[in-house]
Enquirer: 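Before I ask anything, let me first share the structure, which is written out below as structure tokens.
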Number of protein chains: 2
Amino acid sequence: MSQTVDRALSILPLLAQGPADLGQVAERLGVHKSTALRLLRTLHEHGLVYRQQDQRYRLGARLFALAQEAVENLDVREIAHSHLIELNEQCGHTVHLAVYEENEVLYIDKVESRYPVRMYSRIGKPVAITVAAVAKLLLADLTEPERRVIAERLDYPMYTSRSTPNAGAFLRELAVVREQGWATDLGGHEESINCVGAPIRGADGRVVAAMSVSAPNVVVTAEELLTLLPLVRRTADAISREYSGTTPVKKA
Amino acid sequence: MSQTVDRALSILPLLAQGPADLGQVAERLGVHKSTALRLLRTLHEHGLVYRQQDQRYRLGARLFALAQEAVENLDVREIAHSHLIELNEQCGHTVHLAVYEENEVLYIDKVESRYPVRMYSRIGKPVAITVAAVAKLLLADLTEPERRVIAERLDYPMYTSRSTPNAGAFLRELAVVREQGWATDLGGHEESINCVGAPIRGADGRVVAAMSVSAPNVVVTAEELLTLLPLVRRTADAISREYSGTTPVKKA
DNA sequence: AAGAGTCGTTGCATCATGTGCAACAGTCAT
DNA sequence: ATGACTGTTGCACATGATGCAACGACTCTT
């Protein structure tokens, strides 16, 4: 680990909260102003930081460009996209695609209503990891000790009365999901929204992504939504097959 | 400029092109493997870089999170305001700033007469979307199917005899605006009021906001108002540059 | 108008810090 | 087994990052 780089990178989340001037950055980094200045200059040259006229710094445009390029290089997304559109056309509901990375679950694609829309704006927003169907699918694939460690570390906000209340309940839910190979979120995040999801597996059988279909209660009941499960699973399996290139490794 | 940070940051655009292993990164940076390893580790700790199962590195999730947070703090209005005031001082007319959101066009700033005044009372009120110059600019940037859908759904109230009469005329007008890069409203909303406007674009070239200058017939004729077009466009472009963070840095 | 207080910037001496090297460990193919 | 390839670690060296203090530009007070 490099101290200099470490300090420089610490500036980014700091600026993400809002613009700051040199003194503030130096203070929050715990370094001398001149040091902060040099770090900021280097960040600036790379376009990660931008200086507005009042001389305060804020995050730069290159960051968006990088994030965009990065998401376009996610080949799961590329492969999955047409399948997601197809599924959306068949059922009419919102379809999500998500991956797990570094203790976070994030949406990487979304197809809504009749028009395919890339929700780049949604990317980066933390998923409600304790309740979302896609989160359960992704976490359920981890090893038992990994799951326990993560479950212990999470917060369990009660979005609704049906939200996952604590680590124990979450681990039991993950065990169920792992066993049955699909997951739901029945009003756990928003009272009137239900989701049903299925995992996408790589050639080695590991879950590389998860997808879900969401619909409000007022359109279809939870029971009706569950009738879409076979369709969702078929779509997920199709993506898995295409992603792994050759013969899929499937669990019973 | 800091050499260490400079090297570390150079890794990001490198990885944006696709995953790379340690050796490739070291080679393209022109440093020893062990050096590249330490840099990558630091980037990894900050979540900017992610290590996939085959040990190759690619851009990480935190990048999305940062970009997301940043865009929320990217207040177009804050950046634009001083430019709007300047423009108002130069031409003396009313200046508007508007954005498109959720099928509506909203004014988010206004500078009137000699005194810069934030017309918050106006904010949130829907603009006359079928005739306003800013509305045309914002809608013209949408994709062709999106434009068609919206045009079909709108009502076309005849505020004056020169209001846009129907969807067909509106779509043709949008095509013109899209092509020429600016827009007018000549008595389409109120008989005696003319407007000329220009788009503000983000780093990716998409229109993020639109601005316009309005003046009543009794003060300046439509032809006279049009002579302000270059000034309006220059202002809009200046805001675009600052917003996208690509303002040319003065070289020492 | 002059002074006092910001804030950003620069040159410099010091030494902490990043660097390359070489040796080690793990994996895969032959 | 053997060799070739990767990623990783410990170490000695000097490069390069650091804090300091002084400077200039600026705003606000008096």
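Each chain gets a letter, A, B and so on, in the order the sequences are listed, and its residues count up from 1.
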Enquirer: Look at the side-chain N and O atoms of Thr35(A) and state whether any lies under 4.0 Å from the OP1 or OP2 oxygen of dA17(D).
Expert: no
Enquirer: Given dT10(C), is OP1 or OP2 found less than 4.0 Å from the side-chain N or O atoms of Arg41(A)?
Expert: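 Yes, because at least one side-chain N or O of Arg41(A) sits under 4.0 Å from OP1 or OP2 of dT10(C).
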Enquirer: Could a donor-acceptor pair under 3.5 angstrom be found where the side chain of Ser34(B) meets the base of dG20(C)?
Expert: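 In this structure, the two groups form a donor-acceptor pair.
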Enquirer: Find the distance Leu39(B):CG to dA17(D):C1' and express it as a whole number of Å.
Expert: 14 Å
Enquirer: Take the protein atom NZ of Lys33(B) and the nucleotide atom C1' of dG26(C), then report the distance between them rounded to whole Å.
Expert: 13 Å
Enquirer: For the pair Arg41(B) and Glu45(B), find out whether any cationic side-chain nitrogen is under 4.0 Å from an anionic carboxylate oxygen.
Expert: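 Salt bridge absent between Arg41(B) and Glu45(B).
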Enquirer: Hey, does the side chain of Arg7(B) come within less than 4.0 Å of dT19(C)'s phosphate (OP1/OP2), counting only N and O?
Expert: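 Looking at the OP1 and OP2 atoms of dT19(C), one of them is under 4.0 Å from a side-chain N or O of Arg7(B).
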Enquirer: For the CG atom of Asp21(B) and the NZ atom of Lys33(B), what is their distance to the nearest 0.5 Å?
Expert: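 Asp21(B) CG to Lys33(B) NZ: 10.5 Å, rounded to 0.5 Å.
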Enquirer: Does Glu27(A) have more than 12 heavy atoms from other residues, nucleotides or ligands lying within 6.0 Å of its CD?
Expert: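 Result for CD/Glu27(A): open.
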Enquirer: Can you tell me, in whole Å, how much space there is between the C1' of dC15(C) and that of dT19(C)?
Expert: 15 Å
Enquirer: Measure CG/Asp6(B) against C1'/dG18(C) and give the value in whole Å, please.
Expert: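 It works out to 14 Å between those atoms.
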Enquirer: When you measure from the side chain of Val31(A), which nucleotide among dG19(D), dG7(D), dG20(C) comes out closest?
Expert: dG19(D)
Enquirer: In terms of the nearest nucleotide of DNA chain C, which residue is placed more toward the 5' end: Met1(A) or His32(A)?
Expert: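 Checking each residue's closest nucleotide, the 5'-ward one belongs to His32(A).
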Enquirer: Taking the side chain of Arg38(B) as heavy atoms from C-beta outward, which of dT8(D), dT18(D), dG20(C) is closest to it?
Expert: dG20(C)
Enquirer: dG18(C) P sits how many Å from Leu37(B) CG, rounded?
Expert: 14 Å
Enquirer: Rounding to an integer number of Å, can you tell me how far Leu40(B) CG sits from dT19(C) P?
Expert: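 Spelled out: CG on Leu40(B) to P on dT19(C) is 12 Å.
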Enquirer: Nearest to the side chain of Thr4(A), heavy atoms from C-beta on, is which of dT18(D), dT10(C), dC20(D)?
Expert: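 Shortest atom-to-atom distance from the side chain points to dT18(D).
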Enquirer: Assign each of Gly23(A) and Gln3(A) to its nearest nucleotide of DNA chain C by heavy atoms, then name whichever residue's nucleotide is nearer the 5' end.
Expert: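 Counting from the 5' end, the first nearest nucleotide belongs to Gly23(A).
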Enquirer: What distance separates Ser34(A) OG from Leu39(A) CG, expressed to the nearest 0.5 Å?
Expert: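 Result: 9.5 Å between the selected atoms.
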Enquirer: Nearest-Å distance, CG (Asp21(B)) to P (dT27(C))?
Expert: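 From Asp21(B) CG to dT27(C) P: 17 Å.
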Enquirer: To the nearest angstrom, how far is Arg51(B) atom CZ from dG7(D) atom C1'?
Expert: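 Checked: the CZ to C1' distance equals 7 Å.
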Enquirer: What's the OH-P distance between Tyr57(B) and dT6(D), to the nearest Å?
Expert: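 Nearest whole value for this atom pair: 14 Å.
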Enquirer: Give a yes-or-no answer on whether the side chains of Tyr50(B) and Arg58(B) include a donor-acceptor pair shorter than 3.5 Å.
Expert: no
